[in-house]
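In listed order, ligands and their atoms are each counted from 1.
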Amino acid sequence: MPRIQKYLQKHAQNLQPAAIAYLAALDQIESFAPLIAHAIEQELSDQRSHLKLIASENYSSLTVQLAMGNLLTDKYAEGYPHHRFYAGCENVDLVEEMAQEELKQIFGAEHAYVQPHSGADANLVAFWSILVQKVQNKEIERLGKKTLDELTPEEYEQVRKLMNQQKLMGMSLNSGGHLTHGYRHNISSKMMRSVFYDVDPKTEQLDYHTLAKQALQEKPDILLAGYSAYSRRINFAKMREIADSVGAVFMVDMAHFSGLVAGKVFQDEYNPVPYAHIVTSTTHKTLRGPRGGFVLCKAEFADTINKGCPLVLGGPLPHVIAAKAIAFKEANSPNFQDYAQRIVKNANTLAEKLKSDGARIVSGGTENHLMIVDLSSFGLTGRHAESILRKAGLTVNRNTIPGDQNGPWYTSGIRLGTPAVTTLGMGTDEMNEIADIIVKVLKNAKPAIVEKTGQLSKANAEIDPKILDEAQQRVNAILAKFPLYPEIEI
Ligand SMILES: *Cc1c(COP(=O)(O)O)cnc(C)c1O
């Protein structure tokens, strides 16, 4: 029997619109493409049966999800509100303006641009806008011309080369930086020269004094702060001073921690918005929105950032912007501040318990939503830990640690984050229990032996099935108390 009929019969007295919409959508999809309906259903059941400890993931609200599934996807709206290249964009204007206004209010930003399709796109919009404004536009002026189109092909070639010679300085991947911050295999290192700063090898934290000296030597054009795998706050007042000392544009990628800024956990010098010329973010990590990105900037950059399309992007995704507007409205509330506080409290509880159970946490702890566990003392690689924990019902991802000897494929660490489990409502008791389960599994796992060679596998791990079974049961007991999307009955 179709899901929706079953639901309507059972709940005639108390219908939940979100549940009806979700189940009806699944029935509709199933009638045409059963594989897709099946995959969605299986994903729900997978997420319900595993503890989501991936620091970059979360659970968006059903309102956010449902706002994406409609005809707004059919509209082209190149340009920005009230300045479009297509007719009939009035309704998209309403949606996009609401998203911008909510964002500006949450972060106290001078300007907000909500079109980037992802965090990587937001960074590209930011990088190229900086290059356009600081290099291209200056050259146009220097050549005594008014617009880009007036440049001769030779002049334009010069401008292109100049942009390519600018220098980006970001945090290294090993220290917790992101691929888009100048990594060789990413376009960020191909459009500019990139250099990196590292955490201090002893404290495994940023040392602003060393960073200031390095900046003076390197003289970057863009100083970039932000991370995907660093468990400490960043002092953005100090970073801005360093950027100013070398005349660099100060850019912050808050993809991971924008929810902690929105939730007022990161205030004053730990809030990047007052200090950075440009701030980029994802919308789907701690901020708990749909998959996407945005850019905030000072008024001086607003005109250039608004031209993200055509500079980098094509047409915006109005259905996703609608979902962003809803997520931003959700984040613009005292409830969300409470949520953000609990994320950080949970992360701290988890880290402290892992430590007291004998695990080493990179940098000695956490001040945000994530932590990196060094696996050396367990004799495991990140891949071992990731796969064995997944078997026990915990989803985590492997991660390099500073100075990692195992490289980015195997790694020597795992990254744990609390945004998703906090959304489900978990607190101190659950964090202590989760830490206990993790350490028990890691202590009892050992690298498997590769049959052909007799050597230790760097990927597969083995564990006594009884211990694995016990871990699974403990995970299930926690999950049973905090159901995911309980209104969707499948
Ligand atoms: C996740 C992340 C991104 C990329 O976001 P996508 O939406 O996956 O493109 C960019 N920067 C940082 C710091 C991130 O953590």
Please confirm whether His117 comes under 4.0 Å of ligand 1, counting heavy atoms of the residue only.
no
Under 3.5 Å between any N/O of Ala120 and any N/O of ligand 1: does that happen in this structure?
yes
Look only at interatomic distance and state if Gly292 has a nitrogen or oxygen under 3.5 Å from any nitrogen or oxygen of ligand 1.
no
With a 6.0 Å cut-off (strictly less than), is the heavy-atom count around NZ of Lys329, excluding the residue itself, greater than 12?
no
Specify whether the nearest protein heavy atom to atom 5 (O) of ligand 1 is under 4.0 angstrom away.
yes
Quiz question: by atom type and distance under 3.5 Å, do the side chains of Gln65 and Tyr485 form a donor-acceptor pair?
yes
Considering only the protein, which heavy-atom contact is closest to atom 7 (O) of ligand 1, and what is its distance?
Gly119 N, 2.8 Å
Is it true that Glu352 and Lys355 have a side-chain N and a carboxylate O under 4.0 angstrom from each other?
yes
Ligand 1 versus Ser118, non-hydrogen atoms closer than 4.0 Å: side chain, backbone, both, neither?
both
Would you call Arg390-Asp46 a salt bridge at under 4.0 Å N-O?
yes
At a 4.0 Å threshold, what atoms of ligand 1 neighbour a non-hydrogen atom of Ala255?
2 (C), 11 (N), 12 (C), 13 (C), 14 (C), 15 (O)
Is Lys238 paired with Glu241 through a side-chain N to carboxylate O contact shorter than 4.0 Å?
no
Tell me, yes or no, whether the heavy-atom count around Gln405 atom CD, taken from other residues, nucleotides or ligands under 6.0 Å, exceeds 12.
no
Lys285, His256, Arg291: member with heavy atom nearest to atom 1 (C) of ligand 1
Lys285
Could you tell me if Thr381 and Asn406 have a donor-acceptor pair between their side chains, going purely by distance under 3.5 Å?
no
Could you list the atoms of ligand 1 found under 4.0 angstrom from a heavy atom of His284?
7 (O)
Hey, which atoms in ligand 1 end up nearer than 4.0 Å to a heavy atom of Tyr227?
13 (C), 15 (O)
Return the residue, atom name and 0.1 Å-rounded distance of the protein heavy atom closest to atom 13 (C) of ligand 1.
Asp253 OD2, 3.2 Å
Which class fits the ring pair His83 and Tyr80: parallel under 30°, tilted 30 to 60°, perpendicular over 60°?
parallel
